[in-house]
> 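Below: one structure in structure tokens.
Numbered from 1 within each chain, the chains take letters A, B, ... in sequence-line order. Everything numeric here is computed off the predicted structure, so don't read it as measured data.
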2 protein chains.
Amino acid sequence: MPSDTQTPSLPATSFAVLGLLSFRPMSGYDLKLFADRSIGHFYWSPAKSQIYAELRRLKLAELVTEELVEQDSRPDKRVYAITATGRAMLANWVSASSFEQDVFKSTLMLRVFLGRSADPVALINLLQQNLDFENDRLVELRGMEQQCLVSDGDAMFSLLTIRAGIYLTQAAIKWSEESMKALEVHAAATGTGSTEGGKTQ
Amino acid sequence: MPSDTQTPSLPATSFAVLGLLSFRPMSGYDLKLFADRSIGHFYWSPAKSQIYAELRRLKLAELVTEELVEQDSRPDKRVYAITATGRAMLANWVSASSFEQDVFKSTLMLRVFLGRSADPVALINLLQQNLDFENDRLVELRGMEQQCLVSDGDAMFSLLTIRAGIYLTQAAIKWSEESMKALEVHAAATGTGSTEGGKTQ
DNA sequence: GTCGACATGTAACCAGTTACATGATTAA
DNA sequence: TTAATCATGTAACTGGTTACATGTCGAC
């Protein structure tokens, strides 16, 4: 029936915001906090300026309603709630029959690819930084995984995305370790780096 | 010595192009082809319009030189070559002491996170699509890995980035399979999908 | 003569970020 | 009074994409 009455084709970001509002009505401020600690962990966190922009757009498209809530112990705020149309649009987008390619860009990988133009030791340092970072991230994700496991109810979908983060992080850790080893062998073989003289800066 | 005589702070894309030119001089057209089959496999492939734009920028910054090459069997072309300054800038960027966060955005993960708003069966189909895609990709990467292993010389850095792709893809495959299973159990438990009546569209 | 590879670009647009700007309320 | 949290936005910019536009040359 609805076929293409309208397909303004909103970007994924809009659906991210709309999707968060499907959990409960929120203000832009709340949304930013909620986004950072939910989809922020696997996807990304839009800047607050963008969240406010998305809310205006969603309101214009009548996918959410805006209500001015006056508070006495805090500044007034605008609370947004998803509409029936919004829920329908959301369900439609989430259950789409095909999906966009992932976007993945790693300047670390680019640097490694261009490694012949670099000091191997510097590259090893970068990989160590990355390893530390990914290890921390893994601990954090493990904590979140536990929280999901003890909670009941809707936690399943969160759990799945956390698991994605865990597997991806494990892969990154494995890669960093392996690459560091390879570069150490390479540095030793070509005699670059620490064995060499000064060259501090 | 050079400290900060200039740090125009070019984006990673500029260094990607500059880095490719460090292998050999190329035209914009060549660069696009080369990018797609090198950094395109792990990082991303800039649109050709952007490559030409980057070349203009790099030329302006005197990191590359432009030479008009007249051809008789083909249209004339502009061939770009990295300069000494360019090589220095590149080496500096590649061996930086810190690096930018990876950019990773997956609308599939977003959809899974918002899965409670969707038909589980549709979600399972999406995961199956993803699984097929990642499996193909893994085969492709394995092929590239073999090519690196049989070739000698500079192949090491390529090999490392291919391995990154392999580990990441394996993680994605594991996740897709696991998530599909979880969603099937969920669909069966809540009685959504195939057991239900019509609801074709 | 027209198709495909080679070759280079422009214009319009859009998603998204950072920095800036404002202001209420409360607790220290 | 001053800092922190709550709260909402604007302006300027940039990185990047798609669609469009143009043209050479060789092969069929």
> What is the distance from CD of A/Q101 to C1' of D/dT17, rounded to the nearest Å?
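In whole Å, D/dT17 C1' lies 15 Å from A/Q101 CD.
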> Take atom CG of B/L10 and atom C1' of D/dG16, then tell me their distance rounded to the nearest Å.
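Spelled out: CG on B/L10 to C1' on D/dG16 is 16 Å.
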> When all nucleic acid strands are considered with a 4.0 Å heavy-atom cut-off, which category describes B/K105: base, sugar-phosphate, or nothing?
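Since only primed, P, OP1 and OP2 atoms lie under 4.0 Å of B/K105, the category is sugar-phosphate.
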> Please give, in whole Å, the distance from C/dA24 P to A/D76 CG?
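Spelled out: CG on A/D76 to P on C/dA24 is 11 Å.
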> With a cut-off of less than 4.0 Å, is there a side-chain N or O of B/Q50 near OP1 or OP2 of D/dT17?
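True: B/Q50 side-chain N/O within range (under 4.0 Å) of D/dT17 OP1/OP2.
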> Indicate, with a heavy-atom threshold strictly under 4.0 Å, whether A/S14 touches base, sugar-phosphate, or nothing.
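Since no nucleic acid heavy atom lies under 4.0 Å of A/S14, the category is nothing.
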> Taking the side chain of A/A47 as its heavy atoms from C-beta onward, which of C/dT18, D/dT17, D/dG23 lies nearest to it?
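Among C/dT18, D/dT17, D/dG23, the one nearest the side chain of A/A47 is C/dT18.
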> Pairing donors with acceptors under 3.5 angstrom, does anything connect the side chains of B/Y167 and A/E178?
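The answer is yes; a qualifying pair exists.
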> Within the structure provided, determine whether B/R111 and A/F15 are in side-chain contact (heavy-atom separation under 4.5 Å).
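They are not in contact (no side-chain heavy atoms under 4.5 Å apart), so the answer is no.
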> Respond yes when some side-chain nitrogen or oxygen of B/Y29 is under 4.0 Å from OP1 or OP2 of C/dC6, and no when none is.
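So the side chain of B/Y29 is within the cut-off, an N or O lying under 4.0 Å from OP1 or OP2 of C/dC6.
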> On DNA chain C, nearest-nucleotide positions of B/G28 versus A/R57: which is more 5'?
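Going by which nucleotide is closer to the 5' end, it is B/G28.
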> I want to verify a distance call: between C/dC6, D/dC6, D/dT17, whose nearest atom is closest to the B/P46 side chain?
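Among the listed nucleotides, the one closest to the side chain of B/P46 is D/dT17.
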> Report the distance from atom CG of A/L58 to atom P of C/dA15, rounded to the nearest whole Å.
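In whole Å, C/dA15 P and A/L58 CG are 12 Å from each other.
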> On DNA chain D, does the nearest nucleotide to A/K48 precede the nearest nucleotide to A/R74 from the 5' side, or the other way round? Give the residue.
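The answer here is A/R74.
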> Answer yes or no: is there a side-chain heavy-atom contact under 4.5 Å between A/T65 and A/V79?
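A/T65 does not reach A/V79 side chain to side chain.
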> Is A/R142 paired with A/E145 through a side-chain N to carboxylate O contact shorter than 4.0 Å?
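A/R142 and A/E145: salt-bridged.
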> Looking at B/E54 and B/R57, is any side-chain nitrogen of the basic one under 4.0 Å from a carboxylate oxygen of the acidic one?
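The answer is yes: the pair qualifies as a salt bridge.
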> Consider the side chain of B/D30, meaning its heavy atoms from C-beta on, and name the nucleotide among D/dG9, C/dA7, C/dA15 that approaches it most closely.
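Per side-chain heavy atoms of B/D30, the pick is C/dA7.
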> Please report the distance, rounded to the nearest Å, between CD in A/Q71 and P in C/dG23.
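Going from CD in A/Q71 over to P in C/dG23 covers 19 Å.
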> Please state how far atom CG in B/L68 lies from atom P in C/dA7, giving the value in whole angstrom units.
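From B/L68 CG to C/dA7 P: 12 Å.
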> Is there, by distance only and without an angle test, a donor paired with an acceptor across the side chain of B/S49 and the base of D/dT17 below 3.5 Å?
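For B/S49, whose side chain was compared with the base of D/dT17, there is no donor-acceptor pair (under 3.5 Å).
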> Grab the CZ-P distance between B/F34 and C/dA7 for me, whole Å please.
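Taking atom P of C/dA7 as the reference, CZ of B/F34 is at 16 Å.
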> To the nearest Å, how far apart are A/I39 CD1 and C/dG16 C1'?
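It is 14 Å, rounded to the nearest whole Å.
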> Is A/R56 near enough to D/dT10 that one of its side-chain N or O atoms lies under 4.0 angstrom from OP1 or OP2?
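Looking at the OP1 and OP2 atoms of D/dT10, one of them is under 4.0 Å from a side-chain N or O of A/R56.
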> Taking OP1 and OP2 of C/dT8, is either one under 4.0 Å from a side-chain nitrogen or oxygen of B/Y52?
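For C/dT8, OP1/OP2 do have a side-chain N/O of B/Y52 under 4.0 Å.
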